[in-house]
Number of protein chains: 2
Amino acid sequence: MSVSAWLEQLHDHGYRLTGARRAVVETVEKSTRALTPIEVYDMARKKYRAIGLVTVYRTLEKLEELHLIQRVHQPMGCQAFIAAGVGHQHLLLCQNCGQAAFFDGDDLDALTKAIEKKTGYQINEHWLQLFGLCADCRA
Amino acid sequence: MSVSAWLEQLHDHGYRLTGARRAVVETVEKSTRALTPIEVYDMARKKYRAIGLVTVYRTLEKLEELHLIQRVHQPMGCQAFIAAGVGHQHLLLCQNCGQAAFFDGDDLDALTKAIEKKTGYQINEHWLQLFGLCADCRA
DNA sequence: TTATTATTGAAAACCATTTTCAATAAGTAT
DNA sequence: ATACTTATTGAAAATGGTTTTCAATAATAA
Ligand SMILES: [Mn+2]
Ligand SMILES: [Mn+2]
Ligand SMILES: [Zn+2]
Ligand SMILES: [Zn+2]
């Protein structure tokens, strides 16, 4: 995805393209780590001075509705957002700098089946997230 | 674990045993689903009328410090707590009634290794959580 | 250009959580 | 038992992140 693709998505869903929205989109789409509303606000403000924190919240809300961003749960808080992964992917987060990477290829079918049998639950989805140190931070 | 074991833990760490704390401990230890502070408050109040919501927050804080309870992250919110699992376990949650079950036996070593190689990250921990319908709710 | 109305930012409201504080009661020493 | 020390308590106030309100503005269509 790209900034222009995000703006196109917004436009295609009847949302107007404004300076404030462009600033938020550019900030979040380019970030390699999850950002909180305030962080987005501080960064977007450098691109569009007059932006209000309220507009950041409202724009994040719309981007989440369009599945362009997703909420990131972390030990320190669950209010951060990052550009959404494509297809079936999970997040790998650096515990030092927050650098995020998506990965796929997890196969939980066997585990899921075994647990369904043992517990009687019908399993519909799973959350998986890895934590560690990115290449830069482990050096 | 049991209610008395929790109370003993509190006592062993120098905390006094009070009616309010007993009510919170009994509520949370016996629950098979994650409870929010307000839910704990409403339930504990039936055992100890005079309890204040503030004391619920303070007691949950201590129980978490002692690793007797753990925070549960869910799509609807991340403010709920449940009796902590023992050893390496993960949660399986019913999307309908909230019924929680712990499971173990997940083996992510191969996946972890592969991702470390591919991404350059050093992976230290993982979060895994399953969602579905419990035996009662799927019927 | 003009008209329509979605969008905006400031201010106020909201609400979950935390802090303050004087009264109370658990644990200890007498 | 009784007195003493001080951790604990609940009420009230404060806090801080998020949401709502509202009149002004600006994006889009006519
Ligand atoms: Mn998966
Ligand atoms: Mn595991
Ligand atoms: Zn890093
Ligand atoms: Zn259920």
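Because the structure is predicted, anything quoted here is derived from the model rather than measured. Chain identifiers are assigned alphabetically (A, B, ...) following the order of the sequence lines, protein sequences preceding nucleic acid strands; residue numbering begins at 1 within each chain.
Between the CZ atom of A:Arg58 and the C1' atom of C:dT7 there is a distance of 7 Å, given to the nearest Å. Rounded to whole Å, the distance from CD on A:Gln79 to P on D:dG16 is 16 Å. Residue B:Lys62 contributes atom NZ, which lies 12 Å from atom P of C:dT18 at whole-angstrom precision. Atom-to-atom, CG of A:Leu60 to P of C:dT8 comes out at 12 Å; the value is rounded to the nearest Å.
Contacts between residues 3-27 of chain B and DNA chain D, counted as heavy-atom distances below 4.0 Å, involve B:Tyr15, B:Arg16, B:Thr18, B:Ala20, B:Arg21. Residues from residues 39-54 of chain B placing a heavy atom under 4.0 Å of any atom in DNA chain D, listed by number, are B:Tyr48, B:Ala50, B:Ile51, B:Gly52, B:Val54.
Counting heavy atoms from C-beta on, the side chains of A:Val40 and A:Val24 come closer than 4.5 Å. Counting heavy atoms from C-beta outward, B:Leu68 and B:Met1 have side chains that approach closer than 4.5 Å. When side chains are defined from C-beta on, B:Phe103 counts as touching A:Leu111, because their heavy atoms get closer than 4.5 Å. Inter-residue side-chain proximity for B:Asp42 and B:Arg45 is flagged as met; some heavy-atom pair is nearer than 4.5 Å.
Legend: ring pair (Phe, Tyr, Trp, His ring centres under 6.0 Å) pairs involving residues 5-39 of chain A, not counting sequence neighbours: none detected. The ring pair (Phe, Tyr, Trp, His ring centres under 6.0 Å) contacts involving residues 117-139 of chain B comprise A:Trp127-B:Phe131, A:Phe131-B:Trp127, B:His73-B:Trp127, B:His88-B:His126, B:His90-B:His126, where partners must be two or more places apart or lie in separate chains. Counting only residues at least two apart or on different chains, no salt bridge (Lys or Arg N to Asp or Glu O under 4.0 Å) pair has a member in residues 120-139 of chain A.
Note: A:Thr36 OG1 to A:Gln74 CD = 10.0 Å, rounded to the nearest 0.5 Å. The structure places CG of A:Asn96 at 11.0 Å from CD of B:Gln122, a figure rounded to the nearest 0.5 Å.
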Its dot-bracket string being built from Watson-Crick and G-U pairs below 3.5 Å, with | for another strand and [ ] for crossing, DNA chain D has the pattern ||||||||||||||||||||||||||||||

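Of all non-hydrogen atoms in B:Thr59 and B:Arg21, the two that sit nearest each other are OG1-CG, 3.8 Å.
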